[in-house]
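Heads up, the thing below is written out as structure tokens.
Counting begins at 1 with the first residue of the sequence.
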Amino acid sequence: MTISVGDRLPEASFMTMTADGPNKLSTADVFAGKTVALFAVPGAFTPTCSASHLPGYVQHADALREKGVDDIICISVNDAFVMTAWGIDQNVEGRVRMVAEGSALFAKTTGLELDLTERGLGMRSQRFSMIVENGVVKDIATEDPPTAEATGAEAMLDKIAAA
Ligand code: BEZ
């Protein structure tokens, strides 16, 4: 079953990069006590994700923070090394936090997995966005490749403004 508005995010483990290498974080580490703009992409460095999805959140990071968002987090079924390299390539520093979930456990336990085996990518995450308050889903949007509009930063800003 797919996670929906009002549900609490499941326990999962995420990886971020530190000066000492990849560091494991729990769901609580990432989401407790914060309003988080979370978005997921099917793959780091893939065309739509690099050309519009991630850049949109970089561009609108200040506007999202002005609306009360504490953290903007990009997750993907990639490892922390790849997510870090993609973040450097996209100049996300201080705007979007790059978080890896290389085993797709979060995608699977939220029902948001995407099987891209036929395209050579294996099990990935659907493209989605969520507004998460203290670990609880307040809004969710998903969309199929190749578009990144319903789950993009502008759509999220519109929803926050209307709330
Ligand atoms: C993309 O451009 O977003 C994309 C391309 C191939 C596989 C998945 C996503």
Side-chain angles (χ1 to χ4, degrees), residues 3 7-114 116 121-142 145 148 151-153 156-157 160:
I3 195 164
D7 291 343
R8 180 164 288 281
L9 294 182
E11 281 310 313
S13 67
F14 305 96
M15 301 297 282
T16 54
M17 191 57 78
T18 71
D20 298 323
N23 180 46
K24 196 170 180 175
L25 298 174
S26 68
T27 299
D29 291 333
V30 179
F31 296 99
K34 293 178 188 166
T35 296
V36 176
L38 172 69
F39 68 102
V41 299
F45 291 104
T46 57
T48 308
C49 312
S50 282
S52 74
H53 208 191
L54 177 53
Y57 280 91
V58 173
Q59 183 187 343
H60 295 292
D62 289 344
L64 285 164
R65 288 184 203 286
E66 280 165 21
K67 300 283 181 196
V69 169
D70 298 306
D71 266 349
I72 303 164
I73 294 178
C74 175
I75 60 172
S76 182
V77 180
N78 288 109
D79 61 68
F81 299 97
V82 166
M83 289 301 278
T84 302
W86 193 35
I88 292 168
D89 184 63
Q90 293 274 336
N91 287 312
V92 304
E93 183 69 40
R95 300 182 184 93
V96 177
R97 189 175 187 194
M98 306 302 284
V99 173
E101 71 120 355
S103 303
L105 288 177
F106 183 79
K108 287 177 190 161
T109 54
T110 53
L112 291 165
E113 72 270 39
L114 176 67
L116 291 176
L121 285 87
M123 192 56 74
R124 298 295 178 114
S125 171
Q126 289 181 38
R127 190 184 304 286
F128 71 79
S129 65
M130 288 184 197
I131 300 168
V132 183
E133 284 179 19
N134 196 21
V136 175
V137 179
K138 294 294 173 184
D139 180 84
I140 181 168
T142 62
T151 62
M156 187 174 281
L157 269 173
I160 292 174

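Partners of Asp79 according to the side-chain hydrogen bond (donor to acceptor under 3.5 Å, both in side chains) rule, which considers only residues two or more places apart in sequence or in another chain, do not exist here.
Each of Leu38, Leu112, Ile131 was evaluated against Ile140; a single residue qualifies, Leu112, per the side-chain contact (heavy atoms from CB on, under 4.5 Å) test. For the side-chain contact (heavy atoms from CB on, under 4.5 Å) with Cys74, the qualifying choice from Met83, Arg97, Gln90 is Met83, the only one to do so.
A distance-only check finds no donor-acceptor pair linking the side chain of Thr151 to the backbone of Ala141 [under 3.5 Å]. With Arg65 contributing its side chain and Asp70 its backbone, the two residues share a donor-acceptor pair below 3.5 Å. The closest donor-acceptor contact from the side chain of Asn134 to the backbone of Ala32 lies at 3.5 Å or more, if one exists at all. Between the side chain of Glu101 and the backbone N or O of Ala107 there is at least one donor-acceptor pair closer than 3.5 Å. Using modelled atom types, one side-chain atom of Asp29 and one backbone atom of Ser26 make a donor-acceptor pair closer than 3.5 Å. Distance alone, capped at 3.5 Å, is enough to place a donor-acceptor pair between the Asn78 side chain and the Ala44 backbone. The closest donor-acceptor contact from the side chain of Arg127 to the backbone of Phe39 lies at 3.5 Å or more, if one exists at all. Side-chain atoms of Thr18 come within 3.5 Å of backbone N or O of Asp20 as a donor-acceptor pair. Proximity of a side-chain donor or acceptor of Thr27 to a complementary backbone N or O of Ala12 within less than 3.5 Å is detected.
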Q: Step by step, work out the side-chain contact (heavy atoms from CB on, under 4.5 Å) result for Val30 and Val36.
A: CA-CA 9 Å; Val30 179; Val36 176; 5.6 Å; no

Q. How far apart are the C-alpha atoms of Met156 and His60, what are their side-chain angles, what is the distance that settles it, and do they pass the side-chain contact (heavy atoms from CB on, under 4.5 Å) test?
A. CA-CA 10 Å; Met156 187 174 281; His60 295 292; over 6 Å; no

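Heavy-atom minimum distance, Pro22 versus Phe81: CG-CZ, 3.6 Å. The heavy-atom pair separating Gly68 from Thr35 by the smallest distance is O-CB, 3.6 Å.
Classification of the Phe128-Phe106 ring pair by plane angle, with boundaries at 30° and 60°, yields tilted. Under the 30°/60° scheme for interplanar angles, the aromatic rings of Phe14 and Phe31 are found to stand perpendicular.
Contact annotation: the side chain of Pro42 never approaches that of Leu121 to less than 4.5 Å [non-hydrogen atoms, C-beta and beyond].
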